[in-house]
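Before any comments, here is the structure.
So you know, we letter chains A, B, ... as the sequences are listed, proteins then strands, and number each from 1.
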Protein chains: 2
Amino acid sequence: MSEAPPSVDQMLCFAVYAAGHAFTRFYKPRLDALELTYPQYLAMLVLWESDDITVKALGARLFLDSGTITPLLKRLEARGLVLRQRDSVDERQVRIRLTPEGRAMRDRALAIPLAVAKGTGLTLEGGEALRRELLALRERLDAALD
Amino acid sequence: MSEAPPSVDQMLCFAVYAAGHAFTRFYKPRLDALELTYPQYLAMLVLWESDDITVKALGARLFLDSGTITPLLKRLEARGLVLRQRDSVDERQVRIRLTPEGRAMRDRALAIPLAVAKGTGLTLEGGEALRRELLALRERLDAALD
DNA sequence: GAAATTTACATAGCGCGCAATTAGATTGCG
DNA sequence: CGCAATCTAATTGCGCGCTATGTAAATTTC
């Protein structure tokens with residue numbers, strides 16, 4: 001008779017995993033109005049804050065690599081929301097810039113965070129405390145990678 | 001001049017999203033030894049706890065639907081870890097049962113949670129508190145789904 | 001007890017997310 | 001200068017995760 005593994009319900013990693021999916025599901029109807037997926041929305045948020053950045057910088061911000069971001073950006077480009085252009089100084093880099101349409105979407109996206117805040121049922125302080133704990137957790141996990 | 005959207009770094013949903021990926025990355029080298037992906041590992045955890053359950057019940061446990069789970073279980077079956085068999089009483093249902101190989105993997109998987117607990121750098125109580133907050137958050141998000 | 005509805009699972013298509021590989025540009029060093 | 005080492009992005013392949021659709025079996029309705 002050996003020790004039993006924990007139940008998934010008792011595991012922190014599963015709570016994070018399931019909460020992440022719940023967030024994506026919750027955002028979906030709101031993002032459908034903008035015809036954006038959740039990862040695309042995150043990329044747009046970064047661009048609204050820091051326009052004209054490289055693929056590398058965007059990936060660092062979202063903790064994603066080019067294998068994930070390049071096709072995502074190509075879809076945003078096909079939608080006419082961003083431009084992808086080689087940097088003329090350093091041709092290895094590709095710079096991402098918002099089109100006027102991409103910039104214009106910012107205002108329509110403003111209502112989303114408010115709706116989401118309601119859905120979480122958290123106070124500002126409660127949400128902030130939870131966010132900070134998750135940030136610290138992510139940093140420790142990344143630091144402990146082998 | 002209009003209001004600005006929040007930075008991704010300030011958003012709770014992004015903290016959950018990024019922590020989820022960090023967990024997956026952290027698990028990967030440990031799970032490589034078992035040749036399991038992270039979602040496959042979660043499914044095996046449920047089966048080690050509740051063998052001989054339906055696809056529906058497994059999906060409810062992991063908050064995933066048949067479109068996600070069916071191919072995952074087919075891969076586990078191809079690996080010889082589980083059997084998929086129609087229920088003879090209610091032929092709509094497919095019951096999932098561990099093979100001896102699937103059961104035997106349980107002992108090898110026991111070391112993983114311990115390594116992960118170290119990686120999080122959290123105390124038992126701290127991790128438990130965070131898990132509970134995320135559980136409550138997921139429930140509120142699901143409940144607020146339109 | 002036949003028709004309508006519901007339930008459980010399978011399938012197909014799309015978009016991530018990651019690892020591994022490739023291609024091209026830049027840097028570094030003799 | 002020349003050539004290797006390094007860096008950056010793109011590409012490819014696989015496994016989720018979801019939506020929509022299909023199919024067959026069970027249940028409900030009348």
Open item on the list: Output the rounded distance in Å from OH (B/Tyr27) to P (C/dC18).
Closed with: 16 Å
Open item on the list: Applying a 4.0 Å non-hydrogen cut-off, can you work out what A/Arg95 is touching in the nucleic acid: base, sugar-phosphate, or nothing?
Closed with: nothing
- [ ] Find the distance A/Leu42:CG to C/dC16:P and express it as a whole number of Å.
- [x] 10 Å
- [ ] Determine, for A/Glu91 against A/Arg86, whether the closest basic-nitrogen to carboxylate-oxygen distance falls under 4.0 angstrom.
- [x] no
Task: Those residues that, when tested against B/Ser50, pass side chain to side chain donor-acceptor pair (under 3.5 Å) (two or more places apart) - done: none
Task: Nearest-angstrom distance from the residue atom CD of A/Gln85 to C1' of D/dA9 - done: 16 Å
Open item on the list: Check the phosphate of D/dC7 against A/Lys56, side-chain N and O only, distance under 4.0 Å to OP1 or OP2. Yes or no?
Closed with: no
Task: Residues A/Glu128 and A/Arg131 bridged, charged N to O under 4.0 Å - done: yes
Open item on the list: Could you check whether A/Arg97 pairs with A/Asp51 (Lys NZ or Arg NE/NH1/NH2 to Asp/Glu carboxylate O, under 4.0 Å)?
Closed with: no
Task: Ion pair A/Arg61/A/Glu49, N-O distance below 4.0 Å - done: yes
- [ ] Give the rounded distance in Å between these two atoms: CZ of B/Arg79 and P of D/dC14.
- [x] 16 Å
Task: Between P of D/dC14 and NZ of B/Lys74, the distance in whole Å - done: 17 Å
Open item on the list: If the cut-off is 4.0 Å, is A/Thr70 near the phosphate of D/dA9, judged by side-chain N/O to OP1 or OP2?
Closed with: no
Open item on the list: Output one letter per nucleotide in nucleotides 15-26 of chain D: B when a protein non-hydrogen atom lies under 4.0 Å from the base, S when only the sugar-phosphate is that close, - when neither is.
Closed with: SSBBB-----BS
TODO: Write down the distance between CD (A/Glu35) and P (C/dC14), rounded to a whole number of angstrom.
DONE: 16 Å
- [ ] Check whether any side-chain nitrogen or oxygen of B/Arg84 sits under 4.0 Å from OP1 or OP2 of C/dA10, and answer yes or no.
- [x] yes
Open item on the list: In this structure, how many angstroms lie between the P atom of D/dA9 and the CD1 atom of A/Ile53, rounded?
Closed with: 11 Å
Open item on the list: Treating B/Arg30 as the side-chain partner and B/Phe26 as the backbone partner, does any N or O pair qualify as donor plus acceptor under 3.5 Å?
Closed with: yes
Task: Test: A/Asp87 and A/Arg92 ion pair at under 4.0 Å - done: no
TODO: Whole angstrom is fine here: how far is it from CZ in B/Phe23 over to C1' in C/dC18?
DONE: 18 Å
